[in-house]
Number of protein chains: 2
Amino acid sequence: MNGIGFHSHDHKSCIFEAVKAAEEQCCRQGLQLTPVRKRSLEILLEEHRAMRAYDLLDRLAKDGFGSQPPVAYRALEFLTNNGFVHKIEKLNAFIACTHRESGHMPVFLICSQCERVSEIVLPEAEEIWSGVETTSGFSITTALLEIEGVCAACKVNTDK
Amino acid sequence: MNGIGFHSHDHKSCIFEAVKAAEEQCCRQGLQLTPVRKRSLEILLEEHRAMRAYDLLDRLAKDGFGSQPPVAYRALEFLTNNGFVHKIEKLNAFIACTHRESGHMPVFLICSQCERVSEIVLPEAEEIWSGVETTSGFSITTALLEIEGVCAACKVNTDK
DNA sequence: CTTGATATGTTATAAAATAACATTTAACAA
DNA sequence: TTGTTAAATGTTATTTTATAACATATCAAG
């Protein structure tokens with residue numbers, strides 16, 4: 001157990017489970033979790049933080065994959081399109097999804113001190129979205145919710 | 001009156017009022033709404049859409065201001081820091097604030113067909129944020145909420 | 001075995017943003 | 001008045017982020 005994210009968890013098994021789940025989902029949906037794509041997902045899961053595309057690219061290149069930008073961007077496109085990875089727009093960075101179970105609109109807490117990003121689920125938010133749809137006549141396809149601030153751990157540190 | 005945004009309004013007076021309000025706020029807070037900054041705000045208000053930094057830069061250059069990227073980015077930094085303009089992260093674009101009255105966390109509806117962006121206020125959302133703070137111990141400084149979809153007007157058009 | 005769709009790799013370039021530094025301006029103290 | 005400082009503007013150069021365009025490879029279906 002270690003303190004990645006904003007709370008502790010068994011990181012190795014979390015990676016293993018997530019990759020297995022991705023493989024199964026791809027199998028069911030006829031998607032190809034090719035070597036680059038799988039490795040990209042693994043790297044993002046291992047890092048367990050928001051990674052920039054070029055940092056992922058470096059890692060992929062070291063693992064013997066192509067070394068040019070499209071290699072990373074294409075893998076990321078596949079993974080984000082299929083919900084395995086999310087893009088954090090505020091950081092121009094990508095993070096592995098940690099809430100595969102829910103057909104959620106993801107919400108991210110971004111700590112500006114430690115730069116860690118935590119994905120949470122807010123069922124209340126879903127209600128708000130549907131309220132917006134009925135009152136405004138706007139049909140929602142995706143909702144991006146990025147909350148920036150200071151996480152509990154960093155608050156403790158700065159209080160000292 | 002015309003149909004900019006997702007609903008009609010008197011656009012000229014809206015610009016005039018917004019600039020006047022910005023001048024007053026700057027005066028009160030000891031901020032300098034210099035010529036480039038004021039002109040940038042005017043352009044964004046006139047356009048009434050999310051503009052990219054380089055498009056704003058072109059307009060500023062034509063008006064006799066500097067023609068290099070920092071000119072636009074610095075004006076935008078001032079305007080966003082002080083709440084006169086918001087950045088739409090999904091579009092890498094900037095839009096004039098249309099809800100100066102509220103000390104709001106802004107919410108944007110982005111139509112993927114007509115590319116128009118509408119700023120709304122969701123008081124319910126504010127409650128959710130404070131809920132997040134108490135349950136997670138995370139102190140929020142800013143919340144970014146960008147909703148993408150199809151606006152009412154475009155839905156009518158595509159239904160035809 | 002060839003056709004078509006998908007995926008991978010490359011080079012080249014576009015788009016978005018910032019660093020670093022010189023010059024200007026205005027407020028203010030000496 | 002002059003000198004000093006802080007803020008703002010301007011420039012060149014560079015970094016960071018992302019995509020276009022095209023060649024090659026892989027593999028299942030006809």
Side-chain angles (χ1 to χ4, degrees), chain A residues 22-23 26-27 29-44 49-82 84-95 115 117 144 146, chain B residues 22-23 26-27 29-44 49-82 84-95 115 117 144 146:
Chain A
E23 279 171 336
C26 286
C27 194
Q29 301 182 4
L31 302 170
Q32 298 188 52
L33 192 65
T34 60
V36 222
R37 292 169 177 174
K38 182 175 173 183
R39 187 69 196 120
S40 298
L41 178 59
E42 283 171 356
I43 291 169
L44 285 166
R49 62 180 175 98
M51 281 185 92
R52 289 171 301 170
Y54 279 71
D55 290 339
L56 172 65
L57 180 58
D58 285 345
R59 296 282 305 268
L60 291 173
K62 278 175 191 154
D63 288 353
F65 295 100
S67 61
Q68 300 306 315
V71 170
Y73 282 105
R74 286 196 286 232
L76 289 168
E77 185 185 24
F78 172 86
L79 294 170
T80 53
N81 283 345
N82 296 291
F84 302 123
V85 164
H86 299 293
K87 179 173 186 186
I88 309 297
E89 295 285 348
K90 277 214 176 187
L91 306 177
N92 289 326
F94 300 83
I95 193 164
E115 304 238 289
V117 176
L144 176 74
E146 297 177 3
Chain B
E23 280 170 335
C26 286
C27 193
Q29 301 182 2
L31 302 170
Q32 297 188 53
L33 191 64
T34 59
V36 222
R37 292 170 177 175
K38 182 175 172 183
R39 187 69 195 120
S40 297
L41 179 58
E42 283 171 357
I43 290 168
L44 286 165
R49 63 182 174 94
M51 280 185 91
R52 288 169 301 170
Y54 279 71
D55 290 339
L56 173 65
L57 180 59
D58 284 346
R59 294 283 304 270
L60 291 172
K62 279 175 191 156
D63 288 352
F65 296 100
S67 62
Q68 299 306 316
V71 171
Y73 282 104
R74 286 197 286 231
L76 288 167
E77 185 184 24
F78 172 86
L79 295 170
T80 52
N81 282 345
N82 296 292
F84 303 123
V85 163
H86 298 293
K87 179 172 185 186
I88 309 297
E89 294 285 348
K90 277 213 176 190
L91 305 178
N92 289 327
F94 301 83
I95 194 164
E115 305 237 290
V117 176
L144 175 73
E146 298 178 3

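All of these numbers come straight from a predicted model, not from anything done at the bench. So that the names make sense, note that chain A is the first sequence line, chain B the second, and so on, each numbered from 1.
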Any side-chain heavy atom of B/E115 sitting closer than 4.5 Å to one from B/R49?
no
Please round to the nearest 0.5 Å and tell me the distance separating atom CG of A/L56 and atom CD1 of A/I43.
5.5 Å
Flag the pair B/F78 / B/L33 as yes when at least one side-chain heavy-atom distance between them is below 4.5 Å, and no otherwise.
yes
At a heavy-atom distance below 4.0 Å, which nucleotide of DNA chain D is the first touched by chain B, and which is the last?
D/dA7 to D/dT12
Using a 4.0 Å heavy-atom cut-off across all strands, classify B/R74 as base, sugar-phosphate, or nothing.
base
For A/R52 and C/dA16, give me the distance from atom CZ to atom P, rounded to whole Å.
19 Å
Give, ordered by number, those residues of residues 30-42 of chain A having at least one heavy-atom distance below 4.0 Å to an atom of DNA chain D; if nothing qualifies, reply none.
none
Atom pair distance, as rounded to whole Å: CD in B/Q68 and P in C/dA19
17 Å
Please check the phosphate of C/dA16 (OP1 and OP2 only) for any side-chain N or O of A/N92 closer than 4.0 Å.
no
To the nearest 10 degrees, how far apart in direction are the end axes of the helix from C/dC1-D/dG30 to C/dA30-D/dT1, each fit to five base pairs?
10°
A/N81 has an atom CG; how far is it from atom C1' of C/dA7, in whole Å?
15 Å
A/N92: partners by side-chain hydrogen bond (donor to acceptor under 3.5 Å, both in side chains), with sequence neighbours left out:
none
To the nearest 0.5 Å, what is the distance between CD1 on A/I88 and CD1 on A/I95?
5.5 Å
Applying salt bridge (Lys or Arg N to Asp or Glu O under 4.0 Å), which residue pairs with at least one partner in residues 51-60 of chain B are found, sequence neighbours left out?
B/E46-B/R59, B/E47-B/R59, B/R52-B/D55
Suppose the criterion is salt bridge (Lys or Arg N to Asp or Glu O under 4.0 Å): which pairs have a residue in residues 62-73 of chain B, not counting sequence neighbours?
B/R39-B/D63
Between atom CG in B/L91 and atom P in C/dA17, what is the gap in whole Å?
11 Å
Could you tell me how far apart A/E77 (CD) and C/dT6 (P) are, to the nearest whole angstrom?
13 Å
So how far is it from A/F84 CZ to A/F94 CZ, rounded to the nearest 0.5 Å?
16.0 Å
Of A/F65 and A/Y54, the one whose closest DNA chain C nucleotide lies more 5'
A/F65
Can you check the B/L56 CG to C/dA16 P distance for me, whole Å?
13 Å
Side chain of B/P70 - closest among C/dA19, C/dA17, C/dT11
C/dA19
Could you grab the distance from atom NE2 of B/H86 to atom CG of B/L44, nearest 0.5 Å is fine?
11.5 Å
Any non-hydrogen side-chain atom of A/L76 less than 4.5 Å from a side-chain atom of A/S40?
no
